[in-house]
Structure formats: C-alpha cells, structure tokens
*Asks:* 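Please read through the structure below; I'll follow up with questions.
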Amino acid sequence: MAVNALSPSTLSSITSRASSNWLSPKAGESSKSRKGRPHVPTGGSTRGTTLVWGDYGLRLRDHDRRISASQLKIADATIRQRLRGLKYRLYHRVSANIGVYTSGNDQRMGKGKGSFDYWCVRMPVSRVIFELKGDVHEAVVRDAMRVAGNKLPGVYEFVRKGDPPMMGITKVGDAATEAMLRRPRLDKSVPAPNLEGTAMRMPATSPP
C-alpha cells in the first residue's frame with residue numbers, strides 16, 4: 001500500500017507544536033532553590049498518577065527522581081520523531097521549575113555561592129509525565145513511550161486510559177486495597193509485648 005508524502009505545512013497542522021514554557025519558568029526564580037527532595041504523598045493521595053486528557057501515557061515506576069529540562073526535551077523529541085507524520089496531541093504533565101546551582105572547583109566551603117546551571121523537575125513516585133491522544137495505534141505509542149523512557153533516568157511504565165491510580169508504589173484496584181493502605185500503621189488497642197518478662201524466661205547461654 002502506497003503512502004503519500006505529507007508536506008511540512010500539513011505536518012505542522014496535524015501534530016501538536018512544541019512549547020518551551022514547560023522547560024523553564026517564565027518569571028525565573030526570586031531566590032535560589034535548595035536541593036530538596038521530591039514530594040512524598042503520605043496521606044494516601046493518588047493525585048497525578050492517572051491520565052486526564054490523553055488515552056496513553058508514560059508514568060514513573062521507580063522512586064522519586066530529579067529530571068533536568070534537557071532530559072525532558074530529549075524524551076519529548078524522541079516521541080515526536082517516532083510518531084512523525086501521524087495525527088496526535090502530546091500533553092506535558094510536569095514542568096521544569098526548580099533551578100539547580102553549582103559552584104566551581106576553586107570555591108571555598110559554604111553555601112550560597114553557586115551560579116545557575118540548569119532547570120529541573122522533582123518527580124514524585126508514580127507520577128505521569130506525558131499523555132498522548134490521537135488516531136495512533138497502541139503498539140506504535142507503546143514503542144514511542146518505551147524509547148522515551150529509556151532516555152530518562154529511572155524506570156517507567158506505559159499506562160492507558162482507565163488504569164487504576166497509584167498510592168505510593170501500589171495500584172489501587174479496589175476498595176479493600178485502598179482501605180488497607182490507609183489503615184493506621186500502629187494499632188493502639190494491641191498491647192505492647194512484655195519484653196522484661198520474656199527476657200527473664202530465656203535460658204542462660206553460659207553456666208553461672
């Protein structure tokens with residue numbers, strides 16, 4: 001079956017255009033950002049773990065990561081290269097809004113002297129990075145997301161519309177699983193074991 005070549009004007013009309021505002025904040029930073037750590041949802045939150053606009057997506061399966069803007073740009077370009085000539089729209093669920101500052105080798109010890117190096121994003125665990133919607137076969141999108149995940153640090157998985165949300169690293173498929181994850185870690189009704197009585201009953205290892 002012959003495939004007609006598409007002109008550059010046609011390609012620009014059927015594919016989503018890349019925007020650079022998600023790779024750096026518009027207003028910059030008023031003060032230097034500390035290194036910090038990605039947010040860890042400890043209250044049973046599932047925000048950002050499911051698809052909102054697209055039919056397919058790429059989700060972080062590994063622990064939290066710090067991803068630079070250049071790595072996100074390479075992953076975005078990889079997806080667009082794999083789906084070149086197809087009709088789709090790509091959504092970005094994260095934005096690089098944290099500045100990374102580094103100091104040279106000849107700097108004395110102390111904080112606050114580093115110069116700006118690059119923008120990055122603090123990725124929590126099980127957070128969706130990309131979403132895709134369009135008239136594209138699932139196998140083609142899966143391959144594009146796989147290659148894009150190989151360009152990024154960490155381990156990623158392919159998700160579809162309707163997949164269960166994630167609470168930490170566990171998929172919340174039913175109410176029983178959600179109730180189990182939300183249970184208190186320490187039940188106050190259960191008495192603590194009597195360690196002193198247990199120690200008194202233990203036989204001596206050496207003769208008196």
*Asks:* For a quick test of reading the model, state the closest non-hydrogen atom pair linking Lys32 to Gly114 and the distance between them.
*Replies:*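 Here Lys32 and Gly114 meet closest at NZ-O, 2.6 Å.
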*Asks:* Could you list the donor-acceptor pairs under 3.5 angstrom formed between side-chain atoms of residues 93-102 and any protein atom two or more places apart in sequence or on another chain?
*Replies:*
| residue | atom | partner | partner atom | Å |
| --- | --- | --- | --- | --- |
| Arg93 | NH1 | Thr50 | O | 3.1 |
| Arg93 | NH1 | Glu131 | OE2 | 2.3 |
| Tyr101 | OH | Glu29 | OE1 | 2.6 |

*Asks:* Mind checking the NZ-CG spacing from Lys73 to Leu23? Nearest 0.5 Å is all I need.
*Replies:*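 Rounded to the nearest 0.5 Å, the NZ-CG separation comes to 7.0 Å.
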*Asks:* Nearest 0.5 Å please: distance from the CG atom of Asp76 over to the CG atom of Leu152.
*Replies:*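 Going from CG on Asp76 over to CG on Leu152, the span is 10.5 Å.
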*Asks:* I'd like to check Leu132 versus Leu83 (side-chain heavy atoms, cut-off strictly below 4.5 Å). Are they in contact?
*Replies:*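 In short, these two side chains touch, coming nearer than 4.5 Å.
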*Asks:* Please evaluate residues Leu72 and Trp22 with respect to the criterion side-chain contact (heavy atoms from CB on, under 4.5 Å), reporting the C-alpha separation (whole Å), side-chain torsions for both, the decisive distance (0.1 Å), and the verdict.
*Replies:* CA-CA 9 Å; Leu72 291 174; Trp22 68 292; 3.7 Å; yes
*Asks:* Sort and list the pairs that fulfil side-chain hydrogen bond (donor to acceptor under 3.5 Å, both in side chains) and have at least one residue in residues 51-60, not counting sequence neighbours.
*Replies:*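 side-chain hydrogen bond (donor to acceptor under 3.5 Å, both in side chains) check on residues 51-60 returns Arg59-Glu157.
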*Asks:* Do Leu58 and Leu86 land in one hydrophobic cluster if side-chain heavy atoms of ILVMFWY residues count as linked below 4.5 Å?
*Replies:*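 Yes, one cluster joins them.
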*Asks:* Cluster question for you: counting only ILVMFWY and a side-chain heavy-atom cut-off of under 4.5 Å, with indirect links fine, are Val159 and Met166 together?
*Replies:*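 Different clusters.
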*Asks:* Side-chain contact test, heavy atoms from C-beta onward, threshold under 4.5 Å: evaluate it for Leu51 versus Asp163 and give yes or no.
*Replies:*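 Answer no - side chains too far apart.
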*Asks:* So, taking the atom named CZ in Phe116 and the one named OG in Ser33, what distance separates them when rounded to the nearest 0.5 Å?
*Replies:*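 Interatomic distance, Phe116 CZ to Ser33 OG, rounded to 0.5 Å: 9.5 Å.
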*Asks:* May I ask you to test the Tyr156-Ile129 pair for a side-chain heavy-atom distance under 4.5 Å?
*Replies:*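 When only atoms from C-beta onward are counted, Ile129 and Tyr156 do touch, with a gap below 4.5 Å.
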*Asks:* Taking Thr46 for its side chain and Met167 for its backbone only, find out whether a donor-acceptor pair lies under 3.5 Å.
*Replies:*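 Pair absent, no side-chain N/O of Thr46 close to backbone of Met167.
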*Asks:* Could you grab the distance from atom CD1 of Ile67 to atom SG of Cys120, nearest 0.5 Å is fine?
*Replies:*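 Ile67 CD1 to Cys120 SG: 9.5 Å, rounded to 0.5 Å.
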*Asks:* Mind checking whether Val136 and Phe158 sit in one hydrophobic cluster, side chains of I, L, V, M, F, W, Y counted as touching below 4.5 Å?
*Replies:*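 Yes; tracing contacts between hydrophobic side chains, which count when under 4.5 Å, links both residues.
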*Asks:* Does any non-hydrogen side-chain atom of Lys133 lie less than 4.5 Å from one of Tyr88?
*Replies:*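 The answer is no, as the side chains (C-beta and beyond) never meet within the 4.5 Å cut-off.
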*Asks:* Determine whether Phe130 and Val121 fall in the same hydrophobic cluster, where Ile, Leu, Val, Met, Phe, Trp and Tyr are linked whenever their side-chain heavy atoms lie under 4.5 Å apart.
*Replies:*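 Phe130 and Val121: one cluster.
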*Asks:* Kindly compute the distance separating CD1 (Ile74) from CD1 (Ile79), expressed to the nearest 0.5 Å.
*Replies:*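 Reported value, rounded in 0.5 Å steps: 12.5 Å.
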*Asks:* Enter the distance from Ser126:OG to Arg47:CZ here, rounded to the nearest 0.5 Å.
*Replies:*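 Rounded to the nearest 0.5 Å, the OG-CZ separation comes out at 15.5 Å.
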*Asks:* According to side-chain hydrogen bond (donor to acceptor under 3.5 Å, both in side chains), does anything in residues 142-153 pair up with another residue at least two apart or in another chain? List the pairs.
*Replies:*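 Applying side-chain hydrogen bond (donor to acceptor under 3.5 Å, both in side chains) to every pair that reaches into residues 142-153, excluding sequence neighbours, yields Arg82-Asp143, Glu138-Arg142, Asp143-Arg146.
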